[in-house]
Enquirer: 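Take this structure, written in structure tokens, and hold onto it; I'll ask about it next.
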Amino acid sequence: MTTAAAGSPRTYQVRTYGCQMNVHDSERISGLLEDAGYVRAAEADEQPDVVVFNTCAVRENADNRLYGNLGHLRPVKAKHPGMQIAVGGCLAQKDRGDIVRKAPWVDVVFGTHNIGSLPALLDRARHNAAAEVEILESLEVFPSTLPTRRESTYAGWVSISVGCNNTCTFCIVPSLRGKEKDRRPGDILSEVRALVDSGVLEVTLLGQNVNSYGVEFGDRYAFGKLLRACGDIDGLERVRFTSPHPKDFTDDVIAAMAETPNVCHSLHMPLQSGSDDVLRAMRRSYRSERYLGIIEKVRAAMPDAAITTDIIVGFPGETEADFARTLDVVREGRFSSAFTFQYSKRPGTPAATMDGQLPKQVVQERYERLIACVEEITWAENKKLVGETVEVLVAVGEGRKDERTGRMSGRARDGRLVHFATGDLAGRIRPGDIVHTTVTYAAPHHLNADGAPLAHRRTRAGDAAEAGQVPRTPGVLLGLPTIGAPAVPPAPVGGCAAH
Ligand code: SF4
């Protein structure tokens, strides 16, 4: 039994770094710990009984940051007997036993393949008064079979696959997350249904490469079929997915997006570079022409589609001409948003030891030009929506200035961020509700709607948000999700440039 000496349940805190995979894994870590009797520490609690770091290895200085944070906790732990520190995620998978050698006050190190062992490892470390390090080379159970404490009442992540069979030279994912493992469509759809039954309106299907979904069970059209099957789920209003890979993108997916009413017309498709030479060096086996060809087909089928991307600038060997090609593709692609990254070495990746590493000032200068180009395009694309009506799913934490401006915020169906005035409905609109409003102003990264809303629909997700409840999906998906305690969302730091 996991209780503190005083008899009260032990408290926990999860600190999340990195990409959506990690944010969703943290939901599982929380679900597992709560199933084992732990309760989430209050946000202001500086001394939780257990602190779990869910780490990311994609940034060059990720380890410095981890050891810095562990160093800060050392005196806290010394003053708080019984406190435990656990380190999981990609950096743990990479550094393994080094973590307890460098920071011997860490109690548990667990990898990306054995999240489910965390409660047992914590118990064992306490019982034996010694650190437990357990890293597996391959997946024990598909992580979605673990209990999950969801962070949102209205939107949920659903994993369709983990791992990746590609070998992009800048990416550490394949060596840390292993080969692609596909989850059975029936299990995915059960989880989606369970979420919808608890009031969730929007589901994002998650995989390192959703377009290769089905490779394991021999159906290359499995992803399009999965999208269409989501279309049959009553109450599911929005389906999104991340991330597709241009190499494996097939036309049936475009048709499924266009023909399935609840699939959103938004596509986040990583470009990484517009130069074919750089794509070759990155071992990304599509070329810019193919990439632009997919965009063209998507726009032909869905003229209102918002297309977003990831771009890395300053990859080893990138010339000024290569970079100019990236700018060309940005202009041709007419993205509604782009996540831009300066290339930085990720230890353990082939690109880290390539010739032609560029000086920081060259990368910085290109990066600034790229951002200026992206913003010009995204602003022009956003301006096209002024005067249009958008359907907004009201969100929590999307509008930093909302309190000051009296607006609320959320995402339009195409994924754009909308800050809207609440008019006479102030105080009655809840996160998870749906609002229709007219766009009055466009900025490069968001839209404003400053007239009174045209319509407001109260939803079950809004009721749950008002009651402070979040869905939990149980470990084995036999029943409906139960309703848990209020969420304190993890603070994802940085982003995964893994696509
Ligand atoms: S960047 Fe994406 S597709 Fe490439 S290896 Fe990494 S996870 Fe796989």
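Ligands are counted one by one from 1 in listed order, and the atoms in each one are counted from 1 as well.
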Enquirer: Provide the number and element of each atom of ligand 1 under 4.0 Å from a heavy atom of P174.
Expert: 5 (S)
Enquirer: Check each atom of ligand 1 against the heavy atoms of R284 and keep those under 4.0 Å away; list them by number with element.
Expert: 1 (S), 3 (S), 4 (Fe)
Enquirer: Mark yes when over 12 heavy atoms from residues, nucleotides or ligands other than R220 sit less than 6.0 Å from its CZ; otherwise mark no.
Expert: no
Enquirer: Distance under 4.0 Å to a non-hydrogen atom of V173: what atoms of ligand 1 satisfy this?
Expert: 7 (S)
Enquirer: Could you walk me through whether R149 and R28 pass the side chain to side chain contact (heavy atoms under 4.5 Å, CB included) test, one step at a time?
Expert: CA-CA 6 Å; R149 181 200 197 284; R28 294 183 181 122; over 6 Å; no
Enquirer: Any sub-3.5 Å donor-acceptor pair from Q93's side-chain atoms to T112's backbone N or O?
Expert: yes
Enquirer: With a 4.0 Å cut-off on heavy atoms, is R283 touching ligand 1?
Expert: no
Enquirer: Is the closest basic N to carboxylate O distance between E202 and R413 below 4.0 Å?
Expert: no
Enquirer: Of all the atoms in C171, is at least one N, O or S atom closer to atom 6 (Fe) of ligand 1 than 2.8 Å?
Expert: yes
Enquirer: Got an N, O or S from C164 under 2.8 Å of atom 8 (Fe) of ligand 1?
Expert: yes
Enquirer: Specify whether Y17 and F53 have parallel, tilted or perpendicular ring planes, treating 30° as the upper limit for parallel and 60° as the lower limit for perpendicular.
Expert: parallel
